[in-house]
Protein chains: 2
Amino acid sequence: MNAPLPLTEVPTSASIDHVLDLHLRLAQGAVQRRFSDIFSDLGITQTQLTTMILIQENAGTSQSDIGRTLQMDRATVMGIINRLEGRGLIQRGQSPTDKRRQTLAITEAGAAMLSIARERSTELGNWLKERFSDAEFHMLAALLKRIHEVDIKAF
Amino acid sequence: MNAPLPLTEVPTSASIDHVLDLHLRLAQGAVQRRFSDIFSDLGITQTQLTTMILIQENAGTSQSDIGRTLQMDRATVMGIINRLEGRGLIQRGQSPTDKRRQTLAITEAGAAMLSIARERSTELGNWLKERFSDAEFHMLAALLKRIHEVDIKAF
DNA sequence: CGATATTGTATGCCTCGCTCACAAATTTAT
DNA sequence: ATAAATTTGTGAGCGAGGCATACAATATCG
């Protein structure tokens, strides 16, 4: 369920080593792999879980809202919502005020899965925290935030 | 070519805000979008570019080597190599010592594109560096490295 | 009212990432 | 030297995510 294990020598590249975007991508990949390990029995992805949490804690949100928060296209969000609804984890409803909107809500099955998932999240969090002091951990989060937040600010 | 632009209020979640893995994912997404903007005319992805640089600076590497370095499955690497070879940017050859291996090399077209791409990389680097002091920048890289390197160390 | 923007949806295309299975070659063990 | 295990590339298949484009319905603003 993972990439091969490097024990032998592996090619490196001077011009690659200090490139931030590579480290970012590799780190994200590592987390993603760890995530699917930890959550394998729940069959859920990082994006899906985040989406569900967002729905649970913002009753009545719409797909567009989620897209804005998680910086995804409307069409992309729809795919995710379709998959979650297809599994009976969330439910679409009608907004009383705006007929274009669809309110999103967690089903009972979804809530059940979420309560398990939240525990697992702790596990993932610990796996990450192992590597850092508290200060480093918060620093890292803050620095990362600058990357995606400035992306927003640009408009 | 991008996600919608949040100007309005957007749902947030207390339990989501300090989750490191979300910031990591969003940051990576933001970089990816910026990347495809900057490199749009070259029609190349982050992964593809990294792969090509790796090949160029490690003459005769194999697909498996790349997989280990970039932490990707053999099968995944093959897909990437296929696409690059299909566009005539790289070339497969035969290893003189090991008949299982395929040596990878950059074609002339590939080298031409790489020289442009390296300039664009600077642009992406600057876009990132804007947000950070030098110390922060290096700190961030170092912290990220801990995430994917420990992943390796686990074996 | 009319023009403009927002929301959801459908379609289609592409990249990445994985599993499983297989064959050929190489290395290690007996 | 022969047998066993490992490495390498490949093929087929599956699914998620991410995008553009286009369309219809609804809201909002001038």
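Here is the naming used below: chain letters follow the sequence lines, and residue numbers restart at 1 for every chain.
- In this structure, the nucleotide among D:dT10, D:dG17, C:dC16 sitting nearest to the side chain of A:Arg83 is D:dG17.
- For B:Thr45, whose side chain is taken as the heavy atoms from C-beta onward, the closest listed nucleotide among C:dT19, C:dT15, D:dT8 is C:dT15.
- Note on A:Gln48: only backbone sugar-phosphate atoms sit closer than 4.0 angstrom, heavy atoms only; bases stay farther off.
- OP1 or OP2 of D:dT10 has at least one side-chain nitrogen or oxygen of B:Gln102 nearer than 4.0 Å.
- Taking 4.5 Å as the limit, every side-chain heavy atom of B:Thr103 sits out of range of all side-chain heavy atoms of B:Arg92.
- Applying the 4.0 Å criterion to OP1 and OP2 of C:dT6, one finds that A:Arg68 has every side-chain N and O outside that range.
- Rounded to whole Å, atom P of C:dT15 lies 19 Å from atom CD of A:Gln32.
- Here B:Gln46 does not reach the OP1 or OP2 of C:dC16: none of its side-chain N or O atoms lies under 4.0 Å away.
- Contact annotation: A:Gln63 does not reach the phosphate of C:dT6 (side-chain N/O to OP1 or OP2, under 4.0 Å).
- Under 4.0 Å is where a charged nitrogen must lie from a carboxylate oxygen, and between A:Arg33 and B:Asp73 no such pair does.
- By the 30° and 60° cut-offs, the orientation of the rings of B:Phe132 relative to B:Phe137 is tilted.
- Relative to the axis of its first five pairs, the axis of the last five pairs of the helix from C:dC1-D:dG30 to C:dT30-D:dA1 sits at 40°, rounded to 10 degrees.
- Ion pairing between a basic and an acidic side chain is recognised when a charged N comes within 4.0 Å of a carboxylate O; A:Arg120 and A:Asp37 show no such pairing.
- The shortest distance between side-chain heavy atoms of A:Leu70 and A:Leu54 falls below 4.5 Å.
- Ion pair B:Arg118/B:Glu57 flagged as a salt bridge, since at least one NZ, NE, NH1 or NH2 atom sits closer than 4.0 Å to an Asp/Glu carboxylate oxygen.
- The side chain of B:Arg92 sits closest to D:dT10 out of D:dT10, D:dG17, C:dC16.
- The distance between atom CG of A:Asp73 and atom P of C:dT6, rounded to the nearest whole Å, is 14 Å.
- Annotation: side chain of B:Ile66 is in contact with side chain of B:Ile55 (closest heavy-atom distance under 4.5 Å).
- Here the C1' atom of nucleotide D:dG9 and the CD1 atom of B:Ile80 are 15 Å apart, to the nearest Å.
- Around CG of B:Asn126, the count of heavy atoms belonging to other residues, nucleotides or ligands within 6.0 Å exceeds 12.
- With distances taken from any side-chain atom of B:Arg33 to the nucleotides D:dC19, C:dC18, C:dG8, the minimum falls on D:dC19.
- With DNA chain C read from its 5' end, the first of the two nearest nucleotides for B:Gly79 and B:Ala75 is the one closest to B:Gly79.
- Of all nucleotides listed (C:dT9, D:dG17, D:dT8), D:dG17 comes nearest to the side chain of A:Thr76.
- In this entry the distance linking CG of B:Asn82 with C1' of C:dG17 reads 14 Å, nearest Å.
- The pair B:Arg146-A:Glu136 meets the salt-bridge criterion, with a side-chain N (NZ, NE, NH1 or NH2) lying under 4.0 Å from an Asp/Glu carboxylate O.
- Within the nucleic acid shown, B:Arg25 has no heavy atom closer than 4.0 Å to any nucleic acid atom.
- Contact between the side-chain N/O atoms of B:Thr47 and the OP1/OP2 oxygens of C:dT15 is not found at any separation under 4.0 Å.
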Within the 4.0 Å limit for protein heavy atoms, which parts of nucleotides 23-30 of chain D are touched? Write it as a string from 5' to 3', B for base, S for sugar-phosphate only, - for none. --BBS---
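- The environment of A:Asp41 atom CG is dense: over 12 non-hydrogen atoms of other residues, nucleotides or ligands sit within 6.0 angstrom.
- B:Ser36 has no side-chain polar atom (N or O) that falls below the 4.0 Å cut-off from OP1 or OP2 of D:dC19.
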